[in-house]
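All residue numbers refer to positions in the sequence shown, counting from 1.
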Amino acid sequence: MTVLKDAHQLTVTEATKRGVAGLVADAERGDALVVTRHRRPVAAVVGIDRLAEIDEAAADLRDLALVLARSVADKGRRTSLDEVMAAFGHTRESLADIEDDE
């Protein structure tokens, strides 16, 4: 299991002694902490900015995976807007006749 790079490790007992306020203060300073139990990482304490970076990176990786999957599965067939509308029983004219909700 990969742990946060450059993260300081401490046991659950050490984390308990430092208290929530101490852990939060470290996270606010940008220090990442990995809490271990029986020498196994079980939790991480990171600042909100770092968490946002991690969330953004995860979203980027999901988008990349989707693009790669689509490129592998691409058969070169394209569907026009008119074909999609027809599949749902519409035409450009029938959609233009629908009144807008205001």
Evaluate the side-chain proximity of [Y] to [X]: yes if any heavy-atom separation is below 4.5 Å, no if none is.
| X | Y | result |
| --- | --- | --- |
| Arg70 | Val67 | no |
| Val45 | Asp26 | no |
| Val35 | Leu23 | no |

Measure the [atom1]-[atom2] distance between [X] and [Y] for me, rounded to the nearest 0.5 Å.
| X | Y | atom1 | atom2 | answer |
| --- | --- | --- | --- | --- |
| Asp97 | Arg92 | CG | CZ | 14.0 Å |
| Arg18 | Thr16 | CZ | OG1 | 11.5 Å |
| Glu53 | Leu51 | CD | CG | 9.5 Å |
| Arg50 | Asp55 | CZ | CG | 10.5 Å |
| Leu61 | Leu66 | CG | CG | 12.5 Å |
| Gln9 | Arg39 | CD | CZ | 12.0 Å |

| task | Give the cluster check for Leu81 versus Leu95: same hydrophobic cluster or not, with ILVMFWY residues linked at side-chain heavy-atom distances below 4.5 Å. | result |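 Yes, it is one cluster - the side chains of Leu81 and Leu95 are joined through contacts under 4.5 Å.
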| said: Is there a path of hydrophobic side-chain contacts, each under 4.5 Å between heavy atoms, that joins Phe88 and Ile98? | reply: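 Result: no, two separate clusters.
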| Is Glu83 atom CD crowded by more than 12 heavy atoms from other residues, nucleotides or ligands, each under 6.0 Å away? |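 It does: Glu83 CD has more than 12 such atoms within range.
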| In this structure, are over 12 heavy atoms from other groups packed under 6.0 Å from Ile48 atom CD1? |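 Not buried by this count: 12 neighbours or fewer within 6.0 Å.
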| request: Might you point out which heavy atoms bring Asp82 and Met85 nearest each other, and give the distance in Å? | output: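 Smallest heavy-atom distance, with atoms named: OD1-CE, 3.1 Å.
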| Which atom of Ala7 lies closest to which atom of Val34, heavy atoms considered |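 Looking at all heavy atoms of both residues, the closest pair is CB-CG2, 3.5 Å.
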| Non-neighbouring partners of His8 that pass side chain to side chain donor-acceptor pair (under 3.5 Å), sequence neighbours left out |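 Once residues adjacent in sequence are excluded, His8 has no partner under the side chain to side chain donor-acceptor pair (under 3.5 Å) criterion.
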